[in-house]
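Everything on this sheet refers to the single structure shown next.
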Amino acid sequence: MQLSHVTEGRIYMSNIAKAFAGGKAFIPFITCGDPDLETTGKLVREMAANGADLIELGIPFSDPTAEGPVIQGANIRALSGGITTDKIFEFVEELRKDVTVPMVFMTYANVVFSYNAERFISTCQRIGIDGLILPDLPFEEKNEFLPVCRKYGVDLISLIAPTSADRIAMIAKEADGFIYIVSSLGVTGVRSKITTDISKLVSVIRENTDIPCAVGFGISTPEQAKEMSQYADGVIVGSAIVKQIAEYGKDSPATVGSYVKKMKDAIRS
Amino acid sequence: MRRQKKGKIDMINKKGRFGRHGGQFIPETLMNAVIELEKAYDHYKDDPEFNKELNDLLANYAGRPSLLYYADKLTKTLGGAKIYLKREDLNHTGSHKINNVLGQALLAKKMGKTRLIAETGAGQHGVATATAAALLGMECVVFMGEEDTKRQALNVYRMRLLGATVIPVTSGTATLKDAVSEAMREWTSRIDDTHYCLGSVMGPHPFPTIVRDFQAVISKEAREQILELEGRLPDAVVACVGGGSNAIGSFYNFINDEEVRLVGCEAAGRGIDTFETAATINTGSLGIFHGMKSYFCQDDYGQIAPVYSISAGLDYPGVGPEHAYLHDIGRAEYVPVTDDEAVEAFEFLSRTEGIIPAIESAHAVAYAMKLAVELGKDKIIIVTISGRGDKDCAAIARYRGENIYE
């Protein structure tokens with residue numbers, strides 16, 4: 001696995017690479033500002049303390065077309081609470097003073113585009129965001145943001161889906177950070193069963209790149225996480241956590257913390 | 001009043017781009033589906049057998065060519081330019097939507113798809129899709145904002161009658177934009193047997209091109225008809241713009257005729273100086289949404305704005321990328337028309353010509369009425385009546401304070 005890059009003559013390990021350096025990575029997702037930023041901060045700390053290796057922070061979007069009802073709900077709650085991109089930047093900057101866990105933003109192309117890509121991505125670098133996941137930015141459109149991402153050392157994460165087939169090699173060859181394997185067709189949300197042959201996807205990816213792969217979409221139980229971690233380098237869980245936040249609100253950090261521990265333990269072995 | 005070309009226009013002729021607009025901003029899960037669609041379309045668009053079948057359906061099922069009707073009484077009442085109405089309302093299913101749907105449904109069938117999904121605003125596109133699905137023996141699921149299922153209850157019943165399943169969409173503002181989002185979500189979960197029959201010149205490439213090509217029959221006919229009737233081209237072509245399919249269809253074969261003014265009428269709702277508007281080009285800004293780069297009504301942070309228009313079919317926060325491009329280069333002009341103006345035109349055309357236009361089309365009629373007076377007597381205007389207004393009668397009655405029951 002390639003864990004280091006040579007940049008400006010120095011060899012260093014990127015934060016995202018570090019997330020995968022200590023065995024299988026557990027990657028939780030939460031939406032910033034759901035239900036408020038104070039709770040988001042507590043959630044990040046709880047998750048980091050309980051074994052999260054990389055945290056995906058969602059910047060809410062009014063019309064999240066890749067999300068199922070659970071994460072749609074989180075987007076609505078956050079936006080109706082008055083969350084904006086600027087408030088999230090301030091929040092992360094503050095958080096970074098003592099939180100060292102690698103973090104990436106997950107949002108939609110328009111949130112970055114409308115803010116001005118250069119301004120958005122340079123801010124990511126400044127406040128310590130290590131990567132960017134944009135589910136509506138496929139390989140064909142990545143040049144909208146990739147040159148700026150590379151300029152500021154913010155990894156633009158590539159997604160590979162069960163339908164990617166002959167596209168996998170092309171995507172994997174140019175991928176930065178880690179590869180996000182979409183486990184199933186459809187939108188985000190808990191699934192009782194994942195039917196895609198993930199090991200096959202991973203083997204094609206492996207022929208083309210050394211960067212780590214993490215599987216997301218539909219994973220909620222320790223058993224699923226354990227199974228997925230046999231094929232991939234990391235496991236991403238969103239809706240199952242966001243559901244707990246929807247249920248417990250401000251009191252969710254403790255519940256989410258113990259859930260993260262359980263999930264991390266399941267993939268640790 | 002034609003807009004002058006401002007600065008350098010990005011003319012990169014990238015696939016699926018209209019200047020800086022267009023593209024394919026969709027989840028990876030859908031990429032192979034749109035690539036497969038593009039390949040199939042590139043193959044079939046020039047296939048004689050496919051075109052023979054499609055033209056047969058357009059002529060013998062949809063009732064094309066549609067009339068180009070000289071609205072003598074309307075013209076004389078206004079005392080200005082001669083007004084011709086391109087009667088897409090006379091098509092089977094009552095709007096221009098059937099032109100695109102027959103093309104896409106036939107294409108989907110050739111691709112081996114057995115199921116059509118569609119979004120609908122006013123219900124016109126949903127009805128057309130349900131109709132084509134019934135005719136071609138395909139399964140059909142239509143996503144419609146819950147708000148619109150109430151505004152357009154009759155069309156919901158029509159779709160069900162035609163064998164389609166109508167799914168009311170409750171997310172977001174429960175209107176057209178949310179119906180599109182939901183149809184996209186559905187498509188990512190079921191691609192193998194399903195074609196997303198997108199109803200407007202929007203979304204990811206190749207949809208804006210496919211839909212435009214299937215709708216271009218409007219201006220192909222209109223151009224021939226006006227040359228036949230008047231021996232010359234019109235001075236202006238006027239059509240309403242939501243996503244913009246009837247407008248691009250009405251403009252397309254006139255784009256190279258630079259002396260023909262192309263006017264798109266956007267739904268201003270309660271006015272472009274209010275938040276209750278859907279006039280995207282007049283009030284929006286450049287963004288990326290629903291698979292395309294184009295103009296959108298949005299806030300400073302790129303959150304899509306909840307738009308409003310009396311017309312469910314124009315109640316959309318974006319506009320097709322080719323319109324955005326025609327605006328950028330100054331080839332077409334886009335004007336706002338309010339609810340009030342549209343309702344007045346709806347009533348006026350009904351009384352003067354005995355033609356009840358869809359409330360969407362009434363936006364174009366409203367502007368054409370002004371333009372006719374402005375241009376004066378020796379000029380000619382073609383107005384596209386994109387659909388018929390039966391579906392709107394109850395809503396307009398309510399707008400006028402009359403409570404009628406369907």
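Please read these numbers as outputs of a predicted model, since none were measured by experiment. In what follows, chains are A, B, ... by sequence order, proteins preceding strands, each numbered from 1.
A:Y108 and A:F61 have their aromatic ring centers within a separation under 6.0 angstrom. Checked against the 6.0 Å centroid threshold, A:F89 and A:Y115 count as a close aromatic pair.
Only the backbone of A:E67 comes within contact range of chain B, with heavy atoms under 4.5 Å apart. Only the side chain of A:L79 comes within contact range of chain B, judged by heavy atoms closer than 4.5 Å. Using a 4.5 Å cut-off between heavy atoms, B:E186 does not touch chain A at all. For a residue to count as touching a neighbouring chain, one of its non-hydrogen atoms must lie under 4.5 Å from one of that chain's; by this rule A:P64 touches chain B with backbone and side chain alike. With a threshold of 4.5 angstrom between heavy atoms, A:V182 approaches chain B through side-chain atoms but not through N, CA, C or O. Neither the backbone nor the side chain of A:I59 comes within contact range of chain B, judged by heavy atoms closer than 4.5 Å. No part of A:N75 comes within reach of chain B, as not one of its non-hydrogen atoms sits under 4.5 angstrom from that chain.
Side chains of A:D63 and A:T65: no donor on one and acceptor on the other come within 3.5 Å. Of the N and O atoms on the side chains of B:E147 and B:T175, not one donor lies less than 3.5 Å from an acceptor on the other residue. For the residue pair A:D36 and A:T39, a side-chain donor N or O sits within less than 3.5 Å of a side-chain acceptor on the partner.
Counting non-hydrogen atoms of neighbouring residues, nucleotides and ligands closer than 6.0 angstrom, the CG atom of B:D193 exceeds 12 such neighbours. Atom CG of B:D192 has 12 or fewer heavy atoms from other residues, nucleotides or ligands within 6.0 Å. Around atom NZ of B:K110, more than 12 heavy atoms belonging to other residues, nucleotides or ligands sit under 6.0 Å away.
Applying the salt bridge (Lys or Arg N to Asp or Glu O under 4.0 Å) rule to pairs touching residues 167-180 of chain A yields A:E140-A:R167, A:K142-A:E174, A:R150-A:D176, A:R167-B:E28, sequence neighbours excluded.
Within residues 204-212 of chain B, no residue has any heavy atom closer than 4.5 Å to a heavy atom of chain A. The stretch residues 282-297 of chain B places B:L286, B:G287, B:I288, B:F289, B:H290, B:K293 near chain A, each with some heavy atom under 4.5 Å from a heavy atom of that chain.
Among A:A161, A:S164, A:S158, A:P138, the residue with the largest count of heavy-atom pairs under 4.5 Å with chain B is A:P138.
Using a 4.5 Å heavy-atom cutoff, the side chains of A:L57 and A:I30 are in contact.
For B:Y308, the ring-ring contact (aromatic ring centres under 6.0 Å, His included) criterion is met by no residue, not counting sequence neighbours.
A salt bridge is absent between B:K45 and B:D213; no separation between the charged side-chain nitrogens and carboxylate oxygens falls under 4.0 Å. Residues A:E93 and A:R96 are not paired through a salt bridge, judged by the lack of any N-O separation under 4.0 Å between the basic side chain and the carboxylate.
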